[in-house]
Amino acid sequence: MKESMMTNERNSITPLQLFFIIVQATAGFGMFTLSHDLHNYAKSDSWISVLIAGIAFQLVVLIMWSLNNRFPQKNIYEVAIELLGVAVGKLLSVFYIFYFVFISFYTCLYFVSVIKKWLLPSTPYLILIGLFFVTGIYIGQANIKHIARYCGIALIPIILLILIVLAAYNHAHYKYILPVGTVGIKQLFLGANKAIFSFGGIEVILLVLSNVAANQKSKWKAASLSVLFITIVYTYLVFTCLVYFSPVTLDRIPEPVLFLLRSISLFSIVERLDIIIFSIWIIPLTTTYIMYIYMASVGATHLHHAVKRRKIVWLISIFVLVGTMLYPKDELSIMSLGKILVSFAYTFILVIPILLLTLSFIKRKPSVSGEGR
Amino acid sequence: MVIVIALTAISSFAVPVHEMGVSIRLLSFPLMILASILGFVGIIFGLILITFHLCKLETLDSPYFAPVAPLKFRQLAKSILKLPVKRSTNE
């Protein structure tokens with residue numbers, strides 16, 4: 001009975017849905033702040049920095065995919081147990097779970113602080129976190145199949161955002177970007193390093209790739225295309241901000257995309273587009289949060305077979321709720337938390353998959369026929 | 001508030017299925033409460049929850065949002081474009 005449930009849960013996503021999931025998990029963070037953050041480093045060539053980060057993440061996708069290629073039916077937790085043995089593998093899983101919980105906590109914190117700053121300044125924190133809490137619990141405990149369906153629909157707001165930002169090109173000054181390639185390679189790479197933060201969420205590939213019912217090539221194609229899509233969206237946003245604002249302005253305003261939207265009025269009927277778009281941006285942000293909660297809870301079920309995923313989702317959500325309530329919400333402490341998180345991200349996105357991959361090449365190729373599920 | 005209600009009344013004529021009217025009216029109340037407390041953010045969260053619930057629904061093993069939510073371009077095209085009966089039965 002349990003075996004059949006496992007297969008039901010497994011292999012239930014199409015490559016197109018994989019595309020949606022990766023896009024939704026990745027988009028969210030830094031969509032509005034990216035061009036300001038990059039401008040400190042790469043000045044007028046910020047958009048090249050985003051492209052560099054995109055190329056780097058294509059390599060990351062390739063590494064994650066080839067790890068999956070060695071064990072097509074296994075997600076990262078099972079791969080860790082398979083390669084490192086039960087004890088060390090479970091320890092690694094625990095680290096991954098903590099990392100995912102940590103990021104979901106950070107997402108919640110980020111959401112709350114930004115919403116408080118832009119939209120609802122006098123609403124108490126508990127209500128804002130409560131909204132996230134309810135959404136996370138309701139969607140986080142669902143099947144990956146249902147989350148994938150939802151992610152497909154949730155792509156509409158991102159497309160809406162892209163289309164509305166298009167209106168900024170009425171007032172574009174292309175000379176702002178004109179000395180292309182003057183800032184030097186070091187600054188470009190520093191900018192790309194900064195851009196990595198907004199690509200957070202790519203870890204979902206480690207987990208979800210084993211749920212896709214398709215051959216390996218189309219899995220890779222979907223994952224790679226989704227990263228390409230995200231790269232194009234970010235490059236487009238950064239480029240728009242660069243041609244719209246003068247360099248001095250861009251250094252001063254922390255959320256350039258929102259400032260840009262504020263000055264646009266749609267057909268001279270709809271004003272203050274920034275507030276509408278900002279609320280719509282909640283949708284990709286919640287999906288990011290949900291994917292992290294999902295990943296952490298799935299990891300917990302692999303630790304011990306008696307663990308119920310529903311309870312783990314509740315546990316994580318309550319932890320996030322309490323943690324966000326207690327953590328200081330001024331800008332500096334949130335930023336310092338973000339820095340810690342990026343340094344962790346290198347380990348968990350890049351180093352551990354590479355180590356596991358090399359280990360899988362050192363060990364013999366596992367027998368495929370022996371695996372029932 | 002008046003404008004919102006007027007817009008809702010006008011857009012209720014755009015609902016193609018008459019039976020859906022009751023459920024839409026029922027769903028609109030929690031959304032209205034959310035909107036009055038939290039503004040647009042509340043509407044967005046309400047819509048997220050409702051949309052996800054609809055994504056989860058499955059009637060007779062076929063998803064509620066069938067050609068859209070597990071996106072299938074061919075079926076989507078078929079539900080928008082209706083070919084002549086002769087042509088479509090040939091396929």
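All chains are named by letter (A, B, ...) in the order of the sequence lines, taking the proteins before the strands, and each is independently numbered beginning at 1. As a basis for the values below, the full set of heavy atoms in this structure was taken, side chains included, without hydrogen atoms, waters or symmetry mates.
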(message) Please classify the contact of Leu54(B) with chain A as side chain, backbone, both or neither, using a heavy-atom distance under 4.5 Å.
(response) neither
(message) Rounded at 0.5 Å granularity, tell me how far CD1 in Ile290(A) sits from CD1 in Ile48(B).
(response) 7.0 Å
(message) Does any backbone or side-chain atom of Ile127(A) lie under 4.5 Å from a heavy atom of chain B? Answer side chain, backbone, both or neither.
(response) side chain
(message) Looking at every heavy atom in both Thr135(A) and Leu49(B), which two are closest together, and how far apart are they?
(response) CA-CD2, 4.0 Å
(message) Please determine whether the number of non-hydrogen atoms from other residues, nucleotides or ligands lying under 6.0 Å from atom CH2 of Trp118(A) exceeds 12.
(response) yes
(message) Show the nearest heavy-atom pair for residues Leu38(B) and Leu120(A), with the distance to one decimal.
(response) O-CD2, 3.7 Å
(request) Tell me, for Phe52(B) versus chain A, whether the close heavy atoms (under 4.5 Å) come from the side chain, the backbone, both or neither. (result) both
(request) Measure distances from Leu16(A) to the heavy atoms of chain B and classify the residue's part below 4.5 Å as side chain, backbone, both or neither. (result) side chain
(message) Taking atom CH2 as the centre, does Trp220(A) end up with more than 12 heavy-atom neighbours from other residues, nucleotides or ligands that are less than 6.0 angstrom away?
(response) no
(request) Kindly compute the distance separating CD1 (Ile139(A)) from SG (Cys55(B)), expressed to the nearest 0.5 Å. (result) 8.5 Å
(message) If you count heavy atoms of other groups shown closer than 6.0 angstrom to NZ of Lys116(A), is the number above 12?
(response) yes
(message) Let me confirm one number: the OG-CG distance from Ser279(A) to Leu47(B), rounded to the nearest 0.5 Å.
(response) 11.0 Å
(request) Can you measure from NE2 (His146(A)) to NE2 (His53(B)) and round to the nearest 0.5 angstrom? (result) 11.0 Å
(message) Are more than 12 heavy atoms, taken from residues, nucleotides or ligands other than Tyr64(B), located less than 6.0 Å from that residue's OH atom?
(response) no
(message) With a 4.5 angstrom heavy-atom cut-off, is it the side chain or the backbone of Leu131(A) that approaches chain B, or both, or neither?
(response) both
(request) Examine whether an atom of Phe20(A) lies under 4.5 Å from a heavy atom of chain B, and if so say whether it belongs to the side chain, the backbone or both; otherwise answer neither. (result) side chain
(request) Work out which heavy atom in Arg149(A) is nearest to a heavy atom in Glu58(B); give both atom names and the distance. (result) NH2-OE2, 2.8 Å
(request) Given side chain to side chain contact (heavy atoms under 4.5 Å, CB included), test Thr286(A) with Phe45(B) step by step and report yes or no. (result) CA-CA 9 Å; Thr286(A) 43; Phe45(B) 271 102; 3.7 Å; yes
